[in-house]
Every structure is written in structure tokens, then in C-alpha cells.
Colleague: 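One structure, pasted below without further comment.
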Amino acid sequence: MEMVLNHTSDQHPWFQESRSSRDNPRRDWYVWNDTDTRYRGVRIIFLDTETSNWARDPVSKSYYWHRFFSHQPDLNYDNPAVHEEMWSVMQFWLEMGVDGFRLDAVPYLVEREGTSCENLPETHAVLKDFRKRLDQHFPGRMLLAEANQWPADLRPYFGEGDEFHMAFHFPVMPRMFMSVKLEDRKPIMDILQQTPNIPDPCQWCLFLRNHDELTLEMVTDIERDYMYDTYAGDKAMRLNLGIRRRLAPLLDNDRRRVELMNGMLMSLPGTPIIYYGDEIGMGDNIHLGDRNGVRTPMQWDGGWNAGFSKADPENLYSPLILDPVYGYPAVNVYSQGRSGHSLLAWMKRLMATRKSTQVFGRGSIEFLHPANHRVLAYVRQFKNETVLVVNNLSSSAQAVELDLRRYKGNILVEMFGRNIFPRIGDLPYLLTMGPYQFFWFRLRRI
Amino acid sequence: MSVGEVDLLVSVPTHNSAQTVGETVQRIRMGLLKYFPRERAVILNADAGSKDGTREVIAAAASNDLQRSANLYALRTLPCISTVYGDSPETNVALRTVLAAADLLHAKACAVVSPDSTSITPDWIERLLRPVYRENFDLVTPVYRRHKFDGLLLRNLIYPMTRALYAKRVREPYALEFAFSERFCGHLLENQIWDHESRGLAAEMRMTITAMAGGFRLYQTFLGTKPHVDRTGADLVAALRQTVGTLFWSLEANFQYWNATGVPESVPSCGAEYDLTTEPIRVNRKRLYQLFNSGVAELEPVLRSILSPQTLAEVQSIAKLAEDDFRYPHELWVRTAYEFASSYHRSVINRDHIIQALAPLYRGKVYTFLLENRDASGPEVEADVEDLCLTFERLKPYLLDVWNARE
């Protein structure tokens, strides 16, 4: 379950009470100040809409702190009552049976003067306390961190296995798109080689797209410019420091690239997360405000409101996608369910193949360095199982020679068709690959 | 070659260049990362079987982490490939290797950089490649700031004569740094200009002349100061064979072109104008004078078969002048050069002997240049070179006369 720890709506009763008077018992549940001069220099996240992290409240005639929209005031975790109340909320849902929480915007819980107000030790202390209570009262449940940070800054969110169970790996996502556009493995290898080891029971979460913009905060300026120019030529596609588009439109609805990206998502270290609708290649609507263009109703079928709601279409919270390429009559679960070659059917096969081995979930990764930089190749290993993954990132056919001498004597079994490829010998292992093709090989000594 | 298609190719031909090539490759990488961060690029080392670890130095330089040291960020892989084309340096073969690689990789712009260019900066890469890659020029040649007594052969013969005949003011027709387009590369390969007959000629100069005569778009780019190289012990005849031999050789193939050219036109350029430095350097003038005199005396039978009686007589007459009074006038020098070109065309004697016979006369001309410009400022030296150029242009009909007469 999604849980927002950092802030509430300004319509929330807590905030309404807090703003009502400086003497209200809930006054200190939010971060108030008489001026907007505290915490100077802290970055603004929603650059397109906000000019400050402070907003003046006309009711209480003072300023409140908000790292996101001004209608989303930050809770004050220096107040123990807030800490306790938020645990109560978590407890409520845990008792309802949820298996875990995706905790939203966790780097920003606590503010301190003279800092970036992100990733502070006090914030980690709050999170560790929640984890401790979770383990004590609800063993087997889990916490997933949403913290858009560099891998080295994310590492502390795992603690010593006593903070988050999982964390989204934000920086790898834009680099996967970059690698495919550049036809070069460098961006992916660079970021994964910078990624620190995490405690054994912990896991990264990988994703291609989510409900937010394709964030470009964790890239360099030159990379951001490149991404904007190549993936968001139309300014309407850009939002804050990111690109508000779904997977299929980002990849020009190119089935081969969609498959390659999902193939990498499923084979790189981490737990893959698929954003709803991307499994059928849903489109987006860049003319809707904020990130609403990627939050349109799920397209279940070609009927009334795409099978999403029985309401009058005019009453839908978000309009349906109607264009001829991505519209719900053309792209929907029902129709793809009827074809064994649909993207949905292919995604199911991909997931089934991934699940056929533990190596993708728990295995180590070792990159190979073939001379052809358009090919990304790595070996995943777990216990006595070894899988070789080879991805052609380019739009043209490629030949690649892999140094597999340490696996000499093994045969390669292609995991989707279970076909046997030649045995590994002393010579470099030659593979030829079609445009955007990828292979998963199980290594077997027979 | 597993690099695949590229936008830019920068080549470094080497032979036992371990001492300097590492720094050169680093600067090339910095230039590519700084000025062409998005482009698909490759560095190609064409090596003549170096035995001093040149290729290892290049591999080490190519894998250095530049990003931290130079505040640069590489968006994509910048491969650096070494290939051995033979076991001794041969510019023709090296350049053909580069052209073949550029063609194979569909490089849109290709630059060649000398491994000995210790003065190279990352800007060079931009200045060489940009005119080709972004402005559709076909050949970019360099312009350097030189010492007033550096590039003597260039100033006294190659530049003025090339300019007069091919009607393009290309300051360095024989350059070790240059860039060319995919279109020009295709033309060179298609016309097989590196055939057997051209062995021993300066491949770089053939390129420039081919571009001038072929109507390709030329550009000159300023690459800063050219460090003076002391060539006291260098083989002058070998240098003449390569450069003057190339120029003479090209005149036959391009007769229709240079026969019809008019007033030399300037070539688009960027950066500073041609400039001179005047720090003192030591030149042994006396020896030049002696070699001129002994050459004219010893080679009289050979010179008689090459030069017209009048020109030979004038040459012999200046050989009698005392050291301080010696002058090889521009007009006599131009007639000498043109008659040598004509004799080369006619093969009046073995062509190699013709080139060898030019050496003492060239020394006499250089002696005059050094003497007359001993105290000259940069602009005064330039004025002298310009005067020589105009003499070559004015006497072009004389070349046509002797060329046709001997035909």
C-alpha cells in the first residue's frame, strides 16, 4: 500500500486545525515559521509550479513548509505526537492485512538549518523506529522506500538491514532509456557499477515507468539535455525535471524496444515493478495537467469506459485515452488476451521465464566487456545456477564476441525456447543478434 | 571492427611514439568529450609496428578516467582501437588504413592528428572536425603560428607554387593535422589515389591537391603555435622527394585544372591569421651557401639537362657572388622551380635525380631568405613570402610556355 509519510493535504483536518490558531494543540504538527527565511538554499522539487518551499497561510498569517506542492504541507516529525500518529495510521492498515508499504518521499521527513534537509540522520531515526515496530508487531511485512536519490545516498535507507527492506533504484531507470537511444551500454554499466552492495535481506526495486514523471533529477546536465531532446521534443511532454510519458509512447510504440526494455528490467538485479497499463502498451495524454496524463483509466476492454467504470464518461475523474493508436478500443486487456502474440501474452511469458529461476531475484551480477559497446552482457549467478544475459541495444544487427572461457565446457540453453546453443570452448563465444534482440541463456554442464 | 557506425573518427598514425602519444590521445579524448559529447566517436591508432610500447601507452591513455580530472562527462563509450598496418612507417599505407576505417564506419568527419603534436589542446579537435561535421567542408587544413625560420620549404616553394598553380591560398598544403569529410574520403578511395605509382610521395599533400583540383570545399583552421623542430640532421632530399615530388607529380594529372586557373582565391578560415614568432633560433647559413656553390659546380651536367641555358647561366653567375653579396632573386628562383617541374614532367632524366638536383639550388634560395630576413619582423617576413607568391603567379605563363614547348 502507498503511504505518504511526509505531508498531508492542506484540506486535511489536522492542517485545518493547525492553521486555525497558534495555540491549537495541532499547531506543531506542521512546520511553521513567521518568515520564509529558514532553511535557505534547500532545493525546490516541483520547479514548474513552486517558487519557494514556504507558503504563507492567510489564516494564521505565518508560513508553512512544503517540499512538494503548496497544498501539501509537511508534517513535523520533531513532534513526537506526529510520529506516534503516523505509526497509528500504519498500524491501522497493517491490521487490515496489508503486506507492506511503499513509503513516499521519505528523504524529507525532518528539517535542519544549514543542511539540504534531505537524508538527515534524524529522518533515518524516524524510519528505523517504524521498522522496529513493524518487525515487533507485524513480522513478515515489509517497507519499500521511495527516495529519488543517488545510489550512495540511498544506501543508508537499508541501514544494517534494519530500515527499509527495499528501495527504488531511481538513477538506473533514465539510463536504461539513455542506453537504448545512444545504442551504448555505458550509462547502464556506469550507474550499476556505482551502486553499492546492500545487506543480504534487502533488495532494489527496478522500474521503467511509474505514476510520476520520468525523473531526470539523478542525471548530469548533459544527460538531462540529451534525454529532453531525444525523448521529449514537445515541451508539453516535460514536467519539473522530468518527462511525463508512458513506456510505449516513449519508445515510439516500437514493440522490439518495449520487449528489450522489459527484458532488461526483468534480468538486472532487483525486483521489477511494472506500471499499470505498460504491460499492454497503453498510451498517455500530455495535454492533461501535472502527471495526470499517465494516470488515465486502465483499459480493460473496448466497451463502456474501457471497462474501468460504469459512470457516465463525463463524470470520470480522468478522461480515457481515445487516440487511434493508443485508444482503449485498440489497446486493451481483453483484446490482447485473445492473442498469443500480444504484448500482454509476451509479458506473461517473460515473467514466467523470470520466475523459473531464483537467479534473477537473488543472484550476483558480473558484467562482461565485449569490444562491441552496443551490446550489454552480464552473468547472473545464484548458488549453482548461472544465467547469461545478452542485450543488443542498437537498432541494427550486431555481432559480439564474449569471453566465456571461465564457463568452458558449458552449453547454452536459450531460456524462452529451451534451444541448445553451441558449447563454450577456448575461443571467444560469437553471437549474432538482430536489432534490439536479447537472449537469456542458462548455462548447463552436460 | 565492432565499433559500428560512428559520426566522428580521430586517427593517430604512430611509429615508436610512446613518449608523446599518451598525452596526445588524452587531449583528443578531452576534445571529443568537451565539444562532441553526443556524437558517436572513435579514436583509431594506425601503427607501423612500434616496438616501444606505443600501443600499450595508447590503451592506458584510453582507459584513464578523464571525468574527474577534467570535469568532463562521457555520455557514451569512446572506443580507442589500435591496428598495425605494417612493420615500418609509410604514410600512404597509414592514410589508406584511416580512409578504409572511416569508410567502413561511415564516419561523417574524420581528423588525423600527429602523435608528436605536443602543443595539441582539446580545442584542436573542435577546430578540425567542426567545419566538416557541422558546416559541410570537405577538407580542413591547419594554420599555425610558426617561427619565422620554421617551415622554410613550405614558405619558399610549396606554398607559393601550389597557390599559384592551384589558385587556392592554402597555407599548409602538407599538414600532419587535417580533417576530411565522408564525401571526400569516398572520392579518395574510389579513385585509388594511393596506387603503386604514388609510393614515396606525401600522401597528405596528395589529399590537399586532390581536394583543390577536385572542387571540394576547403577550410583552414588555426591550431596555435607549431613548435620549432630542429631538422639540422634531416635528409633534405627525402623531404624534397616527398613534397616537391608530390607537387611536380600532381601537375601532370591536373594539367587541365591548373592550366585554366586564375587569380588565387582565399579559403574560408577561422582563428588567428597566419602569424610568425621571432624568438632567436640558430641556423647555419654558411653551410647552406657552401652546399649551394658546390652543388652548382658538381651538378652542372645534370642542371644543364634540366634548366634552360639562360636560367643555368644566371644560377652559375650568382654562385660566383661573395657570401655577403649572395642573392637568389625571386624571379630566378621561380623560373628555376618551373623549369624543374617541366623537366620532371618530361622525365628528361630520372625523376629522382631531378629532385636531388633541386636540393643545392633550394639551399641557395633558403640562404637568401635567411640573409634577407635576418633582422626582419614577422610582417616583413610575410611580405617577402607574399612577394614570392606573386612572382610565382605572375610567371605562371612561363611555366605553361616551357611545359608546352617541351611537349
Side-chain angles (χ1 to χ4, degrees), chain A residues 150 171 174-191 193-194 216 218-231 367-377 390 392-403 428-436, chain B residues 1-10 29-47 55-56 58-84 101 103-108 122 125-126 133-134:
Chain A
W150 290 99
R175 285 170 178 81
M176 290 170 74
F177 285 95
M178 213 181 300
S179 274
V180 169
K181 191 62 90 174
L182 288 166
E183 304 192 353
D184 194 317
R185 64 178 180 241
K186 183 177 183 296
I188 294 176
M189 286 185 65
D190 274 358
I191 199 68
Q193 283 167 347
Q194 284 176 44
L216 299 174
M218 297 301 130
V219 298
T220 61
D221 290 348
I222 186 171
E223 289 173 324
R224 187 177 305 120
D225 289 346
Y226 179 79
M227 287 292 286
Y228 275 143
D229 288 351
T230 53
Y231 279 109
F367 286 104
L368 304 179
H369 297 87
N372 189 337
H373 60 268
R374 287 171 169 78
V375 172
L376 173 69
V390 193
N392 176 9
L393 302 169
S394 89
S395 57
S396 53
Q398 297 290 326
V400 62
E401 290 184 331
L402 301 171
D403 182 359
Y429 199 89
L430 175 68
L431 282 174
T432 52
M433 309 184 75
Y436 301 122
Chain B
M1 213 176 285
S2 57
V3 173
E5 194 173 306
V6 298
D7 301 308
L8 307 171
L9 184 150
V10 181
R29 290 179 70 209
M30 289 163 80
L32 286 169
L33 294 184
K34 185 172 177 186
Y35 295 106
F36 302 98
R38 290 189 184 185
E39 276 68 24
R40 298 167 298 175
V42 62
I43 300 172
L44 176 76
N45 163 230
D47 186 61
R55 294 190 296 281
E56 290 74 13
I58 290 171
S63 58
N64 266 4
D65 187 2
L66 282 177
Q67 296 180 210
R68 287 191 193 127
S69 58
N71 199 24
L72 293 168
Y73 188 81
L75 201 57
R76 56 167 91 236
T77 305
L78 176 50
C80 184
I81 298 166
S82 278
T83 180
V84 180
D103 181 57
L104 189 66
L105 302 179
H106 285 283
K108 293 173 184 64
I125 301 304
E126 192 268 344
Y133 187 63
R134 306 222 191 272

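Heavy atoms only: backbone and side chains are in, while hydrogens, waters and symmetry mates are out. Because the structure is a prediction, the values reported are computed rather than measured. A note on names: the letters A, B, ... follow the listed sequences, proteins ahead of strands, and every chain is numbered from 1.
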Colleague: Run through A:Asp184, A:Leu182, A:Thr220 and flag the one making a side-chain contact (heavy atoms from CB on, under 4.5 Å) with B:Leu75.
Modeller: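 Output: one option passes, namely A:Leu182.
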Colleague: Just how far is it from atom CZ of A:Arg374 to atom CZ of B:Arg40, taken to the nearest 0.5 Å?
Modeller: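 That separation rounds to 6.0 Å.
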Colleague: Of the backbone (N, CA, C, O) and the side chain (C-beta and beyond), which part of A:Ala371 lies under 4.5 Å from a heavy atom of chain B, both, or neither?
Modeller: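 Both parts, heavy atoms under 4.5 Å.
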Colleague: How long is the straight-line distance from CD of B:Glu5 back to OG of A:Ser396, given to the nearest 0.5 Å?
Modeller: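 Output value for this atom pair is 8.0 Å.
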Colleague: Flag the pair A:Val219 / B:Tyr73 as yes when at least one side-chain heavy-atom distance between them is below 4.5 Å, and no otherwise.
Modeller: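 A side-chain contact under 4.5 Å is absent here.
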Colleague: B:Ala74 and A:Lys186: which non-hydrogen atoms are nearest, and at how many Å?
Modeller: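 Taking every non-hydrogen atom into account, O-NZ, 2.7 Å.
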Colleague: Can you tell me how far CZ of B:Arg76 sits from CE of A:Met178, rounded to the nearest 0.5 angstrom?
Modeller: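 Here the interatomic distance stands at 11.0 Å.
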Colleague: As a quick check of understanding, evaluate side chain to side chain contact (heavy atoms under 4.5 Å, CB included) for A:Asp225 and B:Arg38, giving each step before the final call.
Modeller: CA-CA 10 Å; A:Asp225 289 346; B:Arg38 290 189 184 185; 3.5 Å; yes
Colleague: What residues, two or more places apart in sequence or in another chain, satisfy side-chain contact (heavy atoms from CB on, under 4.5 Å) together with B:Ser82?
Modeller: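 Once residues adjacent in sequence are excluded, the partners of B:Ser82 under the side-chain contact (heavy atoms from CB on, under 4.5 Å) criterion are B:Asn45, B:Arg55, B:Ile58.
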Colleague: In terms of heavy-atom proximity below 4.5 Å to chain B, should A:Met189 be classed as side chain, backbone, both, or neither?
Modeller: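 Nothing of A:Met189, per the 4.5 Å heavy-atom cut-off to chain B.
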